[in-house]
Chemist: 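First the structure, then my questions, so here it is.
Model, not experiment: these values are computed from the prediction.
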Amino acid sequence: MSSRISHLSYHNGDGLIELKKKTRQIVDNKIHGISFSPYIDGQGPGSEISEAQIHERLKIIVPHVNWVRSFSCTEGHENIPKIAKEYGLKTMVGVWIDHDKEKNEIEFNNAIEVAKAGHVDVLAIGNEVLLRGDLSEDDLIDYINRAKEALPNVEVGYVDAYFLFENHPRVTDACQVVMTNCYPFWEGCPADFAVPYMKEMYHRAMKVGNGKRVIVSETGWPNQGVAERGAIPSEMNAMKYFIDTFAWAEEENIEVFYFSSFDEAWKVEDEGAVGAYWGLWDKDGNFKYNA
């Protein structure tokens with residue numbers, strides 16, 4: 001595996017054109033996985049997404065990935081796994097749960113239906129629920145256990161920042177697969193040290209996983225926006241991070257879902273200007289790093 005990407009690790013002398021060529025080559029060779037939201041400009045959580053729009057957005061990324069990760073099973077997102085399967089992709093399917101237990105039940109029941117129809121390879125119950133403080137540990141474990149009971153033939157786990165698996169060993173124990181979000185950027189880590197730091201995050205999750213499969217469910221670097229302490233968004237930093245992340249993933253056979261497929265303007269409200277610039281493709285579906 002390493003022969004394909006590891007030699008593409010960037011060199012300090014690389015200019016933007018060389019980095020763009022390397023980034024493009026990795027994407028054209030297919031990356032393991034990518035976070036996928038089908039939103040277009042003016043949409044966000046609360047928008048109802050049509051199957052036609054999912055097809056339109058998925059077609060852009062299908063030639064470049066093996067897996068897609070979705071985040072919800074309501075508002076049309078429950079159709080993403082079925083459509084992804086039609087394109088030959090594998091699916092990590094997200095169940096969005098938070099403090100709204102009534103809506104959680106709709107999400108949960110939709111996800112079970114989607115999985116029973118054969119459209120789910122890995123089921124992710126919740127995303128950063130503990131980080132946000134939306135539910136108790138017991139409530140979260142209950143959702144995970146209910147999913148495992150309903151779906152004996154599907155791998156079930158939970159997604160959160162690496163340190164939450166250290167802090168909540170009962171949740172880690174309940175997971176069949178550990179899915180860890182690793183963001184050196186949000187911890188203010190300078191770009192030159194970001195990939196080594198991300199590896200450390202992964203290994204910390206591996207340690208508490210006690211031999212369970214550990215997936216990097218999100219990692220990425222924005223190409224525009226406001227710096228987060230020592231972490232500076234830029235085109236060059238975003239490409240260097242991408243190139244070295246997938247060099248490591250290839251060398252060590254790590255499953256990485258990159259964040260994200262498309263730039264999403266709605267994220268500005270929660271994350272500031274930087275929130276809109278995490279995509280490998282821009283909001284209109286154009287690849288951002290063409291030489």
Chemist: In plain terms, say whether Lys283 and Asp41 are close enough for a salt bridge, that is, a side-chain N and a carboxylate O under 4.0 Å apart.
Modeler: yes

Chemist: So does Lys212 have more than 12 non-hydrogen atoms from other groups sitting under 6.0 Å from NZ?
Modeler: yes

Chemist: With heavy-atom distances below 4.5 Å as the criterion, would you say the side chains of Phe71 and Ser35 are in contact?
Modeler: yes

Chemist: What I'd like to find out is whether the side chain of Lys116 reaches to under 4.5 Å of the side chain of Leu151, using heavy atoms alone.
Modeler: yes

Chemist: Any donor-acceptor pair under 3.5 Å linking the side chain of Asp284 with the backbone of Asn286?
Modeler: no

Chemist: Strictly below 4.0 Å, N to O, side chains only: are Glu218 and Arg69 in salt-bridge contact?
Modeler: yes

Chemist: Whether the side chain of Thr172 engages the backbone of Phe165 through a donor-acceptor N/O pair (distance < 3.5 Å, no angle test) should be reported.
Modeler: yes

Chemist: Does the Lys NZ or Arg CZ of Arg146 fall within the cation-pi geometry relative to Phe108 - under 6.0 Å from the ring centre and within 45° of the axis?
Modeler: yes

Chemist: Which residues pass the side-chain contact (heavy atoms from CB on, under 4.5 Å) test with Glu137, not counting sequence neighbours?
Modeler: Ile141, His168, Arg170, Val171

Chemist: Taking all atoms of both residues into account, what is the closest heavy-atom pair of Pro184 and Ala194, and its distance?
Modeler: CG-O, 3.3 Å

Chemist: So that I can tick it off, tell me whether Lys103 and Asp98 are bridged by a salt bridge, with the cut-off set at under 4.0 angstrom between side-chain N and carboxylate O.
Modeler: no

Chemist: Kindly give the heavy-atom pair with the smallest separation between Val226 and Pro233, and that separation in Å.
Modeler: O-CG, 3.5 Å

Chemist: Determine whether Gln53 and Gln43 make a side-chain contact, defined as any pair of heavy atoms from C-beta on separated by less than 4.5 Å.
Modeler: yes

Chemist: Counting C-beta onward and ignoring hydrogens, is there a side-chain heavy-atom pair between Asn104 and His99 closer than 4.5 Å?
Modeler: no

Chemist: Is any side-chain heavy atom of Pro222 closer than 4.5 Å to one of Phe185?
Modeler: yes

Chemist: Would you confirm whether Lys240, through its side chain, and Ala191, through its main-chain N or O, come within 3.5 Å as a donor-acceptor pair?
Modeler: no

Chemist: To the nearest 0.5 angstrom, please state how far the CD atom of Glu78 sits from the CG atom of Asn109.
Modeler: 12.0 Å

Chemist: Go through the steps for Glu255 and Arg213 under the test salt bridge (Lys or Arg N to Asp or Glu O under 4.0 Å), then give the verdict.
Modeler: CA-CA 9 Å; Glu255 296 175 88; Arg213 177 181 176 194; 2.7 Å; yes

Chemist: Determine whether Leu135 and Tyr143 satisfy the following criterion, side-chain contact (heavy atoms from CB on, under 4.5 Å), listing intermediate values before the conclusion.
Modeler: CA-CA 11 Å; Leu135 291 173; Tyr143 284 115; 3.7 Å; yes

Chemist: Please confirm whether the ring centroid of Trp278 lies under 6.0 Å from the ring centroid of Tyr183.
Modeler: yes

Chemist: Tell me whether Lys148 contacts the main-chain N or O of Ala174 through its side chain, where contact means a donor paired with an acceptor under 3.5 Å.
Modeler: yes

Chemist: Is Asn127 close to Tyr158 at the side-chain level, that is, under 4.5 Å between some pair of heavy atoms?
Modeler: no

Chemist: Kindly give the heavy-atom pair with the smallest separation between Asp139 and Ser136, and that separation in Å.
Modeler: N-OG, 3.0 Å

Chemist: Membership question, hydrophobic clusters at under 4.5 Å side-chain separation (ILVMFWY): are Tyr87 and Val114 in the same one?
Modeler: yes

Chemist: Just by distance, do the side chain of Asn79 and the backbone of Glu51 share a donor-acceptor pair under 3.5 Å?
Modeler: no

Chemist: How long is the span from the CD atom in Glu250 to the CG atom in Asn29, to the nearest 0.5 Å?
Modeler: 8.5 Å

Chemist: Are Trp221 and Leu16 connected into the same hydrophobic cluster when the rule is that any two of I, L, V, M, F, W, Y join if their side-chain heavy atoms are below 4.5 Å apart?
Modeler: yes

Chemist: Could you walk me through whether Lys288 and Glu235 pass the side-chain contact (heavy atoms from CB on, under 4.5 Å) check?
Modeler: CA-CA 9 Å; Lys288 282 158 59 170; Glu235 196 174 38; over 6 Å; no

Chemist: Under the 3.5 angstrom rule, does the side chain of Asp263 hit a backbone N or O of Gly279 as a donor-acceptor pair?
Modeler: yes

Chemist: Can you tell me if Ser72 and Glu107 form a side-chain donor-acceptor pair at under 3.5 Å?
Modeler: yes

Chemist: Using the rule given for side-chain contact (heavy atoms from CB on, under 4.5 Å), can you reason through Cys189 versus Tyr197, listing the C-alpha separation, both sets of side-chain angles and the distance that settles it, and then say yes or no?
Modeler: CA-CA 8 Å; Cys189 181; Tyr197 186 30; 3.9 Å; yes

Chemist: State plainly whether one hydrophobic cluster holds both Val216 and Leu130, where clusters connect Ile, Leu, Val, Met, Phe, Trp and Tyr through side-chain heavy atoms under 4.5 angstrom apart.
Modeler: yes

Chemist: Phe262 and side-chain contact (heavy atoms from CB on, under 4.5 Å): which single residue from Asp282, Leu280, Ile61 fits?
Modeler: Ile61

Chemist: Do you know the tightest heavy-atom contact between Ala147 and Ile125?
Modeler: CB-CD1, 3.7 Å

Chemist: Please tell me whether Val93 and Trp96 are part of a single hydrophobic cluster in this structure, the criterion being side-chain heavy atoms less than 4.5 Å apart.
Modeler: no

Chemist: Does Met198 belong to the same Ile/Leu/Val/Met/Phe/Trp/Tyr cluster as Leu131, with side-chain heavy atoms less than 4.5 Å apart forming each link?
Modeler: yes

Chemist: Output, in order, the C-alpha distance, side-chain angles, deciding distance and verdict of ring-ring contact (aromatic ring centres under 6.0 Å, His included) for Tyr202 and Trp248.
Modeler: CA-CA 12 Å; Tyr202 172 81; Trp248 167 66; 5.4 Å; yes

Chemist: Distance-only, no hydrogens or angles: does the Arg229 side chain make a donor-acceptor pair with backbone N or O of Trp186 under 3.5 Å?
Modeler: yes

Chemist: What distance separates Glu56 CD from Ile83 CD1, expressed to the nearest 0.5 Å?
Modeler: 12.0 Å

Chemist: Any non-hydrogen side-chain atom of Arg24 less than 4.5 Å from a side-chain atom of His64?
Modeler: yes

Chemist: Which heavy atom of Pro196 sits nearest to which heavy atom of Asp192, and what is that distance?
Modeler: CD-O, 4.5 Å

Chemist: As an exercise, state the distance from CG of Leu89 to NZ of Lys30, rounded to the nearest 0.5 Å.
Modeler: 7.0 Å

Chemist: Do any N or O atoms from the side chain of Asp160 and from the backbone of Leu164 form a donor-acceptor pair under 3.5 angstrom?
Modeler: no

Chemist: Evaluate the criterion side-chain contact (heavy atoms from CB on, under 4.5 Å) for residue pair Val214 and Thr180; output intermediate values, then yes/no.
Modeler: CA-CA 7 Å; Val214 176; Thr180 179; 4.0 Å; yes

Chemist: Taking transitive links into account, so neighbours of neighbours count too, which hydrophobic residues share a cluster with Met179 at under 4.5 Å side-chain distance?
Modeler: Trp67, Met92, Val122, Val159, Val177, Ile215, Phe257

Chemist: What are the two closest heavy atoms between Lys20 and Asn290, and how far apart are they?
Modeler: CD-O, 3.2 Å

Chemist: How far does OG of Ser260 sit from NZ of Lys267, to the nearest 0.5 angstrom?
Modeler: 7.5 Å

Chemist: Please determine if Lys85 and Asp121 form a salt bridge, counting it only when a charged side-chain N lies under 4.0 Å from a carboxylate O.
Modeler: yes

Chemist: For Phe242, what residues pass the ring pair (Phe, Tyr, Trp, His ring centres under 6.0 Å) criterion, not counting sequence neighbours?
Modeler: Phe246, Tyr258

Chemist: Working to the nearest 0.5 Å, report the span between CG of Asn110 and CD of Glu75.
Modeler: 11.0 Å

Chemist: Answer whether the closest heavy-atom distance between the side chains of Ile232 and Pro190 falls below 4.5 Å.
Modeler: no

Chemist: Just one of Arg57, Glu264, His77 clears the side chain to side chain donor-acceptor pair (under 3.5 Å) bar with Tyr39, so which one?
Modeler: His77

